[in-house]
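Atoms within each ligand, like the ligands themselves, are counted from 1 in listed order.
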Amino acid sequence: MNAQVMQSRTAPETTASAAFGSVLASTMAVANYRDGKWSAHELRKAGPIEISPAAHVLHYASTCFEGFKAYRWADRSINIFRMDRHIVRMRQSAKALTMPEPDADQLAAMITAVVDRVRDEVPESPGALYLRPILFGTMPNIGAAATPPSEAMLLVLASPVWDYFSSGLKPLRIYVEEQATRCASHLGVAKTGGNYAAAMGPTLAARQKYQADQVLFCPGGEVQETGAANFLLIREGKILTRSLDTTFLHGVTRESLLTIAPDLGLKIEERVFTVEEMFDWIKDGEAALSGTAAVLAGVGTLVRNWGSEFKVGSGEVGPHTRRLRAALVAMQQGEVQTPAGWTTRV
Ligand SMILES: *Cc1c(COP(=O)(O)O)cnc(C)c1O
């Protein structure tokens, strides 16, 4: 990323139009793993770090991350949404990659310390402070192709974000990929950079060939997820989404939506389903992508094989998608009470 863009800036008026993730808040937290343990963490000005050119991550992609948000509520307090759940997932990703697992309490302390330090930089709603813990292998040894890193760095970055509603309300155009996989099937549950690298080629190709916003990966004809979001089919009284397995990322947004959906009169069906079933569903049903960035984004069009196009319902974001999204956003914004433990006030 461009160093100019990544310089921390605090004046909201200069950054209000900045693209998602292109601005860093002024402070980051840092901890290092060495000799079998984590160092005490410290807060630093967000900026360049120094690692060896032989660092494990640069050669063997030992890295994982998290993404979630802190919101400024109407009472001015800053509240992190589902922090504990994201910390659990970060540790699972580290474990799947045989990397040193962050200590849950220390990571929580790092996150809340950063949020506290940059609280003046948290945009007004519907903006938020996007939080990005990242773990990577720093062990300097280019011969360690088959050895996990014994040294690692853990950073907690924060990024003020504004473009929140725009991304959720425009119906998406999705290419249905029926052969290629998004990533290695045992690593779908890890939030790791390599999986994004693996999805990049197919995603760019679909963008160029079919003007698709995203690719829905359906290897073997089974619907999985897109490059960075889970996939839900929605209709009157019902949600259908793939049951959890190792092939895809277990989204916290997905989990949150499935938790609140019954209160909105939507029954949950979690199971494997096929591309054919999906095309049948969208004749008069809805489809949506869930993830921290856009919460729940409606799908308007599916593009198949050689470019044949299928409208999802009316082609607009459907009423059930909007209602479900609004219900979760109201919780994130502190307008409606959440289940216990979902918010951490800083
Ligand atoms: C981060 C991510 C998601 C969404 O997860 P949330 O916890 O809902 O933000 C879905 N799929 C992939 C591949 C992801 O990396």
J.: Can you find a pair of side-chain heavy atoms, one from Gln337 and one from Trp342, that are under 4.5 Å apart?
T.: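 Result no, sub-4.5 Å side-chain heavy-atom pair not found.
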
J.: Which residues satisfy the ring-ring contact (aromatic ring centres under 6.0 Å, His included) test with His56, sequence neighbours excluded?
T.: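 Scan of His56 (ring-ring contact (aromatic ring centres under 6.0 Å, His included), adjacent residues dropped) gives Tyr60.
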
J.: Please work out which of the three classes, parallel, tilted or perpendicular, describes the rings of Phe68 and His86, given edges at 30° and 60°.
T.: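 Parallel, since the angle between the ring planes stays under 30°.
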
J.: Around atom CG of Leu264, are there more than 12 heavy atoms of other residues, nucleotides or ligands at under 6.0 Å?
T.: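 Enclosed.
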
J.: Applying ring-ring contact (aromatic ring centres under 6.0 Å, His included), name anything that partners Tyr210, two or more places apart in sequence or on another chain.
T.: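 By the ring-ring contact (aromatic ring centres under 6.0 Å, His included) rule, Tyr210 matches Tyr175.
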
J.: Could you pull out all residues at least two apart from Asn230 that satisfy side chain to side chain donor-acceptor pair (under 3.5 Å)?
T.: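 Asn230: side chain to side chain donor-acceptor pair (under 3.5 Å) contacts with Glu225.
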
J.: What are the atom names and distances for all N or O pairs under 3.5 Å between ligand 1 and the protein?
T.:
unit_1: ligand 1; atom_1: 7 (O); unit_2: Arg89; atom_2: NH1; d: 2.8
unit_1: ligand 1; atom_1: 7 (O); unit_2: Arg89; atom_2: NH2; d: 3.1
unit_1: ligand 1; atom_1: 7 (O); unit_2: Val252; atom_2: N; d: 2.7
unit_1: ligand 1; atom_1: 8 (O); unit_2: Val252; atom_2: N; d: 3.4
unit_1: ligand 1; atom_1: 8 (O); unit_2: Thr253; atom_2: N; d: 2.9
unit_1: ligand 1; atom_1: 8 (O); unit_2: Thr253; atom_2: OG1; d: 2.7
unit_1: ligand 1; atom_1: 9 (O); unit_2: Thr292; atom_2: N; d: 2.9
unit_1: ligand 1; atom_1: 9 (O); unit_2: Thr292; atom_2: OG1; d: 2.6
unit_1: ligand 1; atom_1: 11 (N); unit_2: Glu225; atom_2: OE1; d: 2.6
unit_1: ligand 1; atom_1: 11 (N); unit_2: Ala229; atom_2: N; d: 3.4
unit_1: ligand 1; atom_1: 15 (O); unit_2: Lys191; atom_2: NZ; d: 2.7
unit_1: ligand 1; atom_1: 15 (O); unit_2: Tyr196; atom_2: OH; d: 2.4

